[in-house]
Number of protein chains: 6
Amino acid sequence: MPTGPKVYLTRRETFSASHRLHSKSLTDEQNLDIFSKCNNPNGHGHNYILEVTITGSINPQTGMLMNITDLKNIIQNHVLDLVDHKHLDLDVEYFRETNVVSTTENLCVFIWNQLVMNLDKNVHLYEIKLYETEKNIVVYRGE
Amino acid sequence: MPTGPKVYLTRRETFSASHRLHSKSLTDEQNLDIFSKCNNPNGHGHNYILEVTITGSINPQTGMLMNITDLKNIIQNHVLDLVDHKHLDLDVEYFRETNVVSTTENLCVFIWNQLVMNLDKNVHLYEIKLYETEKNIVVYRGE
Amino acid sequence: MPTGPKVYLTRRETFSASHRLHSKSLTDEQNLDIFSKCNNPNGHGHNYILEVTITGSINPQTGMLMNITDLKNIIQNHVLDLVDHKHLDLDVEYFRETNVVSTTENLCVFIWNQLVMNLDKNVHLYEIKLYETEKNIVVYRGE
Amino acid sequence: MPTGPKVYLTRRETFSASHRLHSKSLTDEQNLDIFSKCNNPNGHGHNYILEVTITGSINPQTGMLMNITDLKNIIQNHVLDLVDHKHLDLDVEYFRETNVVSTTENLCVFIWNQLVMNLDKNVHLYEIKLYETEKNIVVYRGE
Amino acid sequence: MPTGPKVYLTRRETFSASHRLHSKSLTDEQNLDIFSKCNNPNGHGHNYILEVTITGSINPQTGMLMNITDLKNIIQNHVLDLVDHKHLDLDVEYFRETNVVSTTENLCVFIWNQLVMNLDKNVHLYEIKLYETEKNIVVYRGE
Amino acid sequence: MPTGPKVYLTRRETFSASHRLHSKSLTDEQNLDIFSKCNNPNGHGHNYILEVTITGSINPQTGMLMNITDLKNIIQNHVLDLVDHKHLDLDVEYFRETNVVSTTENLCVFIWNQLVMNLDKNVHLYEIKLYETEKNIVVYRGE
């Protein structure tokens, strides 16, 4: 099938979650030293901004890379339903059952893994961009 | 002392906190029905945006209503130190020791009360504006 | 019933619509002169940002002025369903069947009228704020 | 002439200017103590965001409070041409020839005075809102 | 001529346009199924945000990659004059005379083609980024 | 030591500075012609937004690429302390003692050079992004 130019399509979503930065492989003193106020025993929270970018060729008939409604639904089902209005360390199995600390870095990798297997064959996941706050932002490209 | 025109001065700050919407005077079923996903047992969190507005006359000599550095420090000491990177229901006495639910409405009133007693005599607290998310915003003016 | 402090609650929504500024009571020359590029015969469009603000007393039991989910649904049913992804002049009866030009000013009044009859008895509609673009904003308070 | 509902129309503009906070009626030590880093001898600068709000009744024929292009031009001629890409203390007569310190508070009053005499008779200047930075905002309403 | 470091310069512009997503090579039923509310017969509209990025070496004498005023004028003449306050499907020849659907993907490619031939020889067009809404964003890099 | 996935971490900061675009190797007429209003003899200023992006592998134990507090401090000490609330041409040696014009392009290169030598060995400086205004943005990646 003929394909059109290669573009990058980004969908922006938000979710609100709480967590505590605390490594099970470190002592309490080490955790407090490394994570400081983010190690508060009762946790804290964020309004995360998530930007999911996929890439591929424009479908000449529809003029779209992928139906953005479908992309929105995939993000809803495989990411937002698991993390929105949740406690990342207590409600999300990926963090609860492992030694993986719920940093923005690791949360990006988790979101990538949740999405990369569930996209259509003709598009590729290009980038997960996650704003923890206005000032702290992490990008993961599957490298 | 001669005074100048009346102006309104706003300082914008942000803080990250977690909470759970749950009223001690309601049953679990009622709480879930009213607060829905915000009633998640393990809580969730937000990056709150706080805008504190004071009003009064311009000091003719300095050209300022109030030194913004002083206002910033008052907000830091009386609000941010208590709520930033905290769990509102567990770490803040105002919510922990009462039946007051940690809604954005009540959080606005709490912040008003923390600030109104600690401002200089020549300025008045005019408004507390609190963004829970990009889409939900509450204002309290001491009425 | 005892009531709490008076607060203002704002819900932010967006919608995308097209329109043409053209008064049926003016000549084509007058319309072009007054509305300039906004009078383009084939129309143009905007991503409107709508901020609906209601006011009233905090419910002491729930800590809320009004359930924001209910407010969101009222805005969806009485405003967004009528204007989102529509042509204001052709798809909205209020503009199609009258001489009312679909300016941001008149659109604010239309939205106010759609909402003011459909709110709960214990809250009052305070303000409709509508961003036509980043630079042009209109507020209507029912005055 | 019949008039319509009362609305508030805001035009947002930006300008880039430099200044130094320094009161001619204070000593150098007092100036440094009060204005701190804003007293840097060589000055500093800002991208100011200006929001001008006017109020009045909707014209039933045009559906507008005032032609926003006219408002834009008035702001350009009476404010932006004087302050954009200028040094407030050296290039603007209002600050250069007086003891008025170029604080955001006084800059608001200056902008109000520049506009209030130049608006059409059927509209009223309601508010000047000036963002010095993302975090410091001043409002003046002619009080 | 000696050249300086390689930089990327972005100019942000906005424009307001209307359109209807409808493929001439699909049936009405297929169009409605694929484009849903974006297929509304009377169309809808957006405030598009356009970011044009060029790349090249800094001119050692001026310290600039390219005079941003020149870049602004090129975007005005070759893009904004054609699409701002227009109906993309009816007013823009590129969409009116072809089977190309006015999706954000295709609009990016159109803008790229309008600009790539009109830039100075010493700079390269790097990227067209187009925000259809706050949540839907497309990038095209000429690939 | 085992390392985790490669991520990109961005820290956003702001600073307020003044400057004048004026090349010592050009005549006054040439300067005015090239830099126009940015050549105003008394200068002007901006609220610059700075985004510093580093890259590297996630530390498996802490889940972080680098402690964001450390990154923040490095930016403060090596960039913000030199440029915030300063006149770039008069207060910053890099511009004062050379023929380098204080354009956003050259300011990006200056900031890159200030940071690249002061980062930890396990992370790499990836990108300096500098917003001069909302509409003019420059990126430098050390190329």
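Naming: A, B, ... by sequence-line order, numbering from 1 per chain. Just so it is clear, the structure is predicted and the values come from calculations on it, not from any experiment.
The parts of V138(A) that come within reach of chain F are both its backbone and its side chain, each placing non-hydrogen atoms under 4.5 angstrom from that chain. Contact of F35(A) with chain F is made through the side chain alone, with heavy-atom distances under 4.5 Å. Heavy atoms closer than 4.5 Å to chain A are found in the side chain of I68(F), but not in its backbone. Using a 4.5 Å cut-off between heavy atoms, I34(A) touches chain F through backbone and side chain atoms alike.
Within the model, atoms NZ of K72(F) and CG of N136(A) stand 9.0 Å from one another, a figure rounded to the nearest 0.5 Å. Atom CZ of R141(A) and atom OG1 of T55(F) lie 8.5 Å apart (nearest 0.5 Å).
No donor-acceptor contact under 3.5 angstrom links the side chains of E127(A) and Y8(F), judged on distance only.
Open room surrounds CD on E93(F); 12 or fewer heavy atoms of other groups in view lie less than 6.0 Å from it. Remark: K135(A) NZ is packed, more than 12 non-hydrogen atoms of other residues, nucleotides or ligands lying under 6.0 Å away.
Contact annotation: the side chain of V109(A) approaches that of I58(F) to within less than 4.5 Å [non-hydrogen atoms, C-beta and beyond].
The minimum heavy-atom distance between Q61(F) and S23(A), with the atom names listed, is O-OG, 3.2 Å.
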For this session: With side-chain contact (heavy atoms from CB on, under 4.5 Å) as the test, would you mind laying out the steps for T10(F) and V139(A) before giving the verdict?
Result: CA-CA 8 Å; T10(F) 297; V139(A) 161; 5.8 Å; no
For this session: May I have the step-by-step check of side-chain contact (heavy atoms from CB on, under 4.5 Å) for L9(F) and I137(A), ending in yes or no?
Result: CA-CA 6 Å; L9(F) 175 66; I137(A) 310 158; over 6 Å; no
Problem set entry | From CA spacing to verdict: salt bridge (charged side-chain N to carboxylate O under 4.0 Å, His left out), E134(A), R12(F) | CA-CA 7 Å; E134(A) 297 174 332; R12(F) 181 188 190 271; 5.4 Å; no
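Remark: side-chain polar atoms of T103(A) are not paired, donor with acceptor, to backbone N or O of M64(F) under 3.5 angstrom. With hydrogens and angles ignored, the 3.5 Å screen pairs a side-chain donor or acceptor of E105(A) with a backbone N or O of L65(F).
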